[in-house]
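In what follows, a structure is listed as structure tokens, so that the remarks can point back to it.
Each chain gets a letter, A, B and so on, in the order the sequences are listed, and its residues count up from 1.
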2 protein chains.
Amino acid sequence: MPKQPLLPRKKPRQARAAVTVETILEAAARVLSKRSLDGFNTNRIAEVAGVSVGSIYQYFPNKAALVAALIGRAQDSLADAVERSLQRSQGQRLERVLLALIDVAIEHQFGDAVLAAALDHEEQRLPLGQMLSATQHRIAKAVQEALQAHPELAKTTVTATTTIDCFTIAKALIESEATRPKPDLAALRKRVLLALQGYLLQPATKTIPRKRTRTDTQSVQESP
Amino acid sequence: MPKQPLLPRKKPRQARAAVTVETILEAAARVLSKRSLDGFNTNRIAEVAGVSVGSIYQYFPNKAALVAALIGRAQDSLADAVERSLQRSQGQRLERVLLALIDVAIEHQFGDAVLAAALDHEEQRLPLGQMLSATQHRIAKAVQEALQAHPELAKTTVTATTTIDCFTIAKALIESEATRPKPDLAALRKRVLLALQGYLLQPATKTIPRKRTRTDTQSVQESP
DNA sequence: ACCTGAACACCGTTCAAGT
DNA sequence: ACCTGAACACCGTTCAAGT
């Protein structure tokens, strides 16, 4: 049962080593982006990076850790884009705020579709656990605060779960469109907006009679 | 560039061969369900099935085809459950109809969580193309017709895209909850309902000014 | 401290030989 | 027609040897 560590094995201490690590990550991204998961093997990565396979294993304990590092980078870049977007759309109508965020997400997915899709899949499969949660919490918190503060959502309780659901919904619709032969981004944008507005601006949610279950308490969690 | 075929290589002609195929598929499902993608190798499958590796390759051209067969089975079983659910909830309020479908989806995902999650991921990664579309179209069509005919959705145009979006949204929220340490199914059920109702029962969608794009035509596709 | 690449282990797939 | 399992190819990972 190989409980594989996903953290980098050690940090480069010399300048040239830092370059090596950078080169490896770039090569990995390029290989993943060109041929997706097939052909994504350490030998090819080493070849593209112009280093020996052994060098990869000096810094990453296994292939999964390499992928985890790429995911971390993608998350960081997304987090920056989200925060910039929130700042730019401050004080605007909710529709504008949401559209701006949707555009960020679409750009993130379609900017390098193959890479983004591959990373998304690996993100699910790897037991990343906490590793990425720092950045993810950073994004989620920023969005949650923006939504909570928005006048049009005065009547909506925006919990952490609500925010994460919005991410989940938007991501799923965007990824789904990305797998189509001829994506229609304008229509996609509308559909995601509709879904998010619908989820957030629900008209007077009446309590629903439902089948018996164990956990019949408060349905939304508090923010951490 | 191995464009791998995903269809079964040949059908068993003798009774004992049919048993072999069945045994292989069951073993594959069991292995996948126990250890997910790690440890899901042909040698183990053959061992669990009590046959030789060679036997697997008599009926399936590669490992992916085996997975594809499992996915096909899961889809068939889901399709049946959906159709039964629609029949039972005929004539009921929209909320009831949706909740019944949501329960089917939740049961499908949580019934064998590891297996379902693994199959979902592979479903994305493999170029299944048409292969499964038969069953998927069957499900989608049944749901679309039920929604279109529903009085509460008289004002909503329920296209094929609308229906697929509902599937995408529900599936994403359910899968997301499935990865949590302690899933709260009652709360999940409510959230999915909220999302679907919000998407379907949108109050007077005003047209939205948006950035210029090529495709500025009708945003929803016709049903096939 | 960093890099190399041959060597090892594991796993997908094939094929000659069997019934 | 079906089944077997040793053999081959490929790829992840290690490690002794180098700078």
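The side chain of A/Ala17 sits closest to C/dC2 out of D/dT4, C/dC2, C/dG12. Of the listed nucleotides (C/dC3, D/dC3, D/dC11), D/dC11 has the atom at the smallest distance from the side chain of A/Asn41. When each of C/dT13, D/dC2, C/dT14 is scored by its nearest atom to the side-chain atoms of B/Arg13, the top-ranked nucleotide is D/dC2. Nearest nucleotide to the A/Val53 side chain, out of D/dT4, C/dC3, C/dG5: C/dG5. The nucleotide whose nearest atom lies closest to any side-chain atom of A/Tyr57 is, among C/dC3, D/dT13, C/dC11, D/dT13.
A/Thr42 has no side-chain polar atom (N or O) that falls below the 4.0 Å cut-off from OP1 or OP2 of D/dC11. Residue A/Ser55 places no side-chain N or O under 4.0 Å from the OP1 or OP2 atom of C/dC2. Under 4.0 angstrom from either OP1 or OP2 of C/dC3 there lies at least one side-chain N or O belonging to A/Tyr59. Considering only side-chain N and O atoms, A/Thr20 lies nowhere under 4.0 angstrom from the phosphate OP1 or OP2 of C/dC2.
When heavy atoms are screened at a 4.0 angstrom cut-off, B/Phe40 is found touching the sugar-phosphate backbone but no base atom.
Ion pairing of A/Arg73 with A/Glu22 is present here, as a side-chain N (NZ or NE/NH1/NH2) and a carboxylate O approach within less than 4.0 Å. A salt bridge links B/Glu122 with B/Arg125: the closest approach of a Lys/Arg side-chain nitrogen to an acidic carboxylate oxygen falls below 4.0 angstrom.
One interatomic measurement links the two molecules: CD of B/Gln14 to C1' of C/dT19, which rounds to 11 Å at whole-angstrom precision. Following rounding to the nearest Å, B/Arg16 (CZ) and D/dT4 (C1') show an atom-to-atom distance of 12 Å.
Residue A/Ser52 places a side-chain atom within donor-acceptor reach of the base of C/dG5, judged by atom type and a 3.5 Å distance cut-off alone.
Pair assignment for D/dT14 gives C/dA6, based on Watson-Crick or G-U wobble hydrogen-bonding distances that are each under 3.5 Å. When Watson-Crick and G-U wobble pairs are counted only if both distances are under 3.5 Å, D/dT19 pairs with C/dA1.
A cation-pi contact, defined as under 6.0 Å to the ring centre and within 45° of the axis, links B/Lys10 to B/Tyr59.
Residues B/Gln109 and B/Asp120 meet the side-chain proximity criterion, which asks for heavy atoms closer than 4.5 Å.
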